[in-house]
Amino acid sequence: MAEPYDFKSVERKWQERWARDHTYAAPRIPSRDKYYVLEMLPYPSGDLHVGHAKNYTLGDAVARTMRMLGREVLHPMGWDAFGLPAENAAIERGIDPATWTRSNIANMKRQLRLMGTGYDWSREFATCEPEYYRWNQWLFLRLYERGLAYKREAPVNWCPHDQTVLANEQVIDGCCWRCGAHVERRNLAQWFLKITAYADRLLADLDRLDGWPERTKTMQRNWIGRSEGVELAFGVERTKGRIEAFTTRADTLFGVTFLAIAPEHPVIPLLKSVISKKHAEAIDTFASSLRSKSELERTSLMEKDGLFTGAYALNPLSHEHVPIWVTNYVLAEYGTGAVMGVPAHDERDFDFARKHGLPIAQVIVPLHHREALAPLEEAFIGDGRLIASDDFTGMSSARARKAIAQRLEAIGAGHESVNYKLRDWLISRQRYWGTPIPILYCEKCGEVPVPESELPVLLPPNAPITGEGSPLARIPEFVNARCPRCGGTAKRDTDTMDTFFESSWYYLRYLSPRDTQGPWNRDEAAGWMNVDQYIGGAEHAVLHLLYSRFFYKFFADRGWVTGDDEPFAHLFHQGFVLHDGEKMSKSRGNVVGIDETAERNGVDAMRLFLLYATPPEDTSDWTDEGITGRVRFINRVWRLCEACHPERSAEGAKSRDRQEAPAATTSAEKSVLRALNVAAKSAIDETTSRRFHYNTTIARLDELLNAMSALQREAPESHALRYAYSMIPLLLAPFAPHIAEELWERLGHTSSVHLERFPQPDESLIALDEITLVVQVNGKIRARLAVQPGLGEAEALALALAEPNVRAQLEGNKPRRHFYVPDKLLNLVR
RNA sequence: GGGGAAGUGGCGGAACGGUAGACGCAGCCGCCUCAAAAGCGGCCGAGGUAACCCCUCAUGAGGGUUCAAAUCCCUCCUUCCCCA
């Protein structure tokens, strides 16, 4: 019995060799066909498990295959190192966030190497390094110059547990995305990035992103939420004030029976001048009861409620007086903070009118009707024909929307307008472990940007991190500064940036990670961008992936990047990994770690199993039985190749050159050569089509081993077998890089198999000598004919009609029609 | 409430309108062995048949398009994901 495969020492040996030789280093500027493949940079949370491994294994297999197909591959890795968990560790265990983060990075880097991934580590960086976040500050100032970063007081999502403000995207079901605490509303002065200035381009360019999953694009479209309509003004009676409202249904304007405004609406002080004291007090009570409620509660969870203000507004076209109500479901931040109430034609307005006894005025009827329907049981929300709408009566909804918009415009009471659900991106965080916002507040000069020469504004060490309030605000040496304009005393902004800021451009930093002249080198960016294949979880569909597109468009507008103004040409979302059908979590204690798996099964087996278990986009299940199949595979490869090993010394020198495929004579030999080429074709097709269903490729490798076993039993000295031995390392290289490298070396090669060319499939060796032609009668299989490929239609028909079973089914008749798919099937229709 | 994806043997899956179940896991039988493990070979959707052949049924349910549907279309059911 041959010695068993010692995966542990082989895997360690090659991981060390690859690190020593910089096997996966990419050139500064690509000289030929470049391929930039990137997995979303990880947050250094501590330990990697097999769920992470699935993501990185996929990216690694893609990178290795493309490299072997002759592309110049950039495959970098870094660390999204700012963020709350480091600070929480500081609060809970008194560990310095920087220390905690650094040790996690060291551990995770070790684990990534342990997985046998081929990254260009010379490009590694962590976003918490001053050399990185200085460029965050630099980019912030560039946005600031253009008016794309601005500060304003706004009601914000406040997490009472993490004591910080959250972006809308970080509020999940009314709760904090990180800690799950209930989110409240508060008013604070905050920094925003004006992503809304790019709303139209972010939406329109989705249509060009052919390499993105449709569902991700749909999510972004919904998030941007473009709607076309009319912005119109209602005059407030007995005042000179106006209330602006946006509607997509201008055709229902004559059906307005009330106006709903947010309790925070700026018109309220004006209303108070014309209403009774009792009404004014009631409004205040109502508003204060809502102040701490989250948006979700107000718009979805709470019952629609409201209060008549005592004031009336004037419909600009019908000149009707409509009561003004404050409601809990209209939000000051959305649109104009006011909504025209049309109970007959809007579900929410209908419910509200019923509850509060407001009139329901029908102005739209279905196209085939001429008069109002009997009292409505529910709102009629469809398009139709207008009734009771002055001279717009009789028009279709679509025509009336245009006509009414024009009339409003003519009388100066409105105009056509586009509204977006997308709101500006709030980036201020009252936290320590992030990029300080490079702004000073001078007693004389006001808001002053930190000059470029003074960047980076360093994060001070030894901050008092207690979990309450802003740590930076409690460090006088940090807060107190000189005004760069007047030299007087100034105070620093004590907020840090949302960590999504740094992850919106990190893919550019890999191109020149040590650059001191700019965030990236423009020549290298021109050479490498955009990212050819981006791989990461679907949970980032509207967060990171939208912010990155926004940033990149800004960079393109500034001329800092050239070519396409989209950063990611192709996007792939991998599915996650369960353990025995359950989600992996520390609390369940069912996390399958990288270290234990490497120890027990070897990482080549782990990588093969992760790719083999399911298509990569599907959820997969880690089971102990599942991986045994891949452990067997590895051992089987080893045994088969060891059987050939004694001949190595004699053949070694010869086998160093790429061998020609020997002529196969027996069917077992043909099977081996065919399986070899089929496997190569599968790997190439799955990669270049970007389907990445390597589960099928690995099944083809199983078949190759089966064919080789059969040939070995039959003719152990066969040249075809020896040829297969010489090719197997190349085929395995993208998926099981260690054993591939070891076998390659044992064949006598001195250079890395990962820098070799992948075998090009030979179609003539894939073709079969004899194929099975299926004969159907009326779509049901009635015979299988063993024929030569390329058989003509007439011959096929003649052979089929000679089959007894076919004749029996035809009952002596001639088929009326037939359909012939060459080399596949013949369907006879009776 | 809205949007999206998916339902195939005991299990993971394969089949990109043309032979349903590749490949693996589990199971069963055999070889090897004193024995076991490992390994190697074989069987493995359901029913009919002594049996090979062959026949019938079968891709969540029901309908449709087509010479031909797991695949395309419609309705429903279930599960998962995203958004509100």
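Scope of the values below: all heavy atoms of this structure, side chains included, with no hydrogens, waters or symmetry mates. Chain identifiers are assigned alphabetically (A, B, ...) following the order of the sequence lines, protein sequences preceding nucleic acid strands; residue numbering begins at 1 within each chain.
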**Asked** Is the base of B:rG9 syn or anti, if syn means a glycosidic angle within 90° of 0?
**Response** syn
**Item:** A:R221: partners by salt bridge (charged side-chain N to carboxylate O under 4.0 Å, His left out), with sequence neighbours left out
**Value:**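 By the salt bridge (charged side-chain N to carboxylate O under 4.0 Å, His left out) rule, A:R221 matches A:D207, A:E214.
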Only distances under 3.5 Å count here; give the side-chain donor-acceptor pairs of residues 816-829 of chain A to other protein atoms, sequence neighbours excluded, each with its distance to 0.1 Å.
from	atom 1	to	atom 2	distance (Å)
A:R816	NE	A:R830	O	3.3
A:R816	NH2	A:R830	O	3.4
A:H818	NE2	A:E793	OE2	2.9
A:Y820	OH	A:L791	O	2.6
A:D823	OD1	A:G790	N	2.7
A:D823	OD2	A:G790	N	3.4
A:N827	OD1	A:G779	N	3.0

Expected rows: protein N/O vs nucleotides 6-12 of chain B N/O, under 3.5 Å:
from	atom 1	to	atom 2	distance (Å)
B:rG12	O2'	A:A613	O	2.6

**A:Q809 and A:N778, any side-chain heavy atoms less than 4.5 Å apart** =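 A side-chain contact under 4.5 Å is absent here.
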**Message:** Between A:N55 (side chain only) and A:G51 (backbone N and O only), is there a donor and an acceptor less than 3.5 Å apart?
**Reply:**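 Absent.
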**Message:** Test your reading of the model: is there a side-chain donor-acceptor pair from A:R549 to the backbone of A:L202, 3.5 Å cut-off?
**Reply:**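 Yes: the side chain of A:R549 pairs with the backbone of A:L202.
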**Ranges pairing with ranges for RNA chain B, where each run has three or more Watson-Crick or G-U pairs under 3.5 Å** = B:1-7 with B:77-83, B:10-12 with B:23-25, B:27-31 with B:39-43, B:45-48 with B:54-57, B:60-64 with B:72-76
**Request:** For A:D383, check side chain to side chain donor-acceptor pair (under 3.5 Å) against everything at least two apart and list the hits.
**Result:**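 For A:D383, the residues satisfying side chain to side chain donor-acceptor pair (under 3.5 Å) (neighbours in sequence not counted) are A:R401.
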**By side chain to side chain donor-acceptor pair (under 3.5 Å) - contacts of A:H570 (at least two apart)** = A:R690
**Message:** Expected output is a numbered-order residue list: members of residues 209-217 of chain A with a heavy atom under 4.0 Å from any atom of RNA chain B. What is it?
**Reply:**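 Contacting residues: A:R215.
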**Message:** Short of 4.0 Å, heavy atom to strand atom, which residues of residues 684-704 of chain A count as contacting RNA chain B?
**Reply:**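 Close to the strand are A:R691, A:N695, A:T696, A:A699, A:R700, A:D702, A:E703.
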What pairs of nitrogen or oxygen atoms, one from the protein and one from nucleotides 65-68 of chain B, lie under 3.5 Å apart?
from	atom 1	to	atom 2	distance (Å)
B:rC67	O2'	A:N827	ND2	3.2
B:rC67	O2	A:N827	ND2	2.7

**Request:** Quick one: sort the A:F568 and A:Y534 rings into parallel, tilted or perpendicular, breaks at 30° and 60°.
**Result:** parallel
**Prompt:** More 5' along RNA chain B: A:R630 or A:S620, using each one's nearest nucleotide?
**Reply:** A:S620
**Message:** Nearest heavy atom decides the nucleotide; on that basis, is A:N635 or A:G626 closer to the 5' end of RNA chain B?
**Reply:**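 Result: A:G626.
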**Asked** Which pairs pass side-chain hydrogen bond (donor to acceptor under 3.5 Å, both in side chains) with one or both residues in residues 602-623 of chain A, sequence neighbours excluded?
**Response**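 side-chain hydrogen bond (donor to acceptor under 3.5 Å, both in side chains) check on residues 602-623 of chain A returns A:K54-A:S620, A:D60-A:R607, A:D604-A:H738, A:E617-A:H693.
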**Prompt:** For atom CD of A:E539, is the number of surrounding heavy atoms from other residues, nucleotides or ligands below 6.0 Å larger than 12?
**Reply:**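 Check passes, neighbour count above 12.
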**Prompt:** Can you give one letter per nucleotide of nucleotides 49-56 of chain B, going 5' to 3': B for a protein heavy atom under 4.0 Å from the base, S for sugar-phosphate only, - for none?
**Reply:** -----SSS
Polar atoms only, N or O, under 3.5 Å: list the protein pairs with nucleotides 41-43 of chain B and their distances.
from	atom 1	to	atom 2	distance (Å)
B:rG41	OP1	A:R713	NH1	2.6

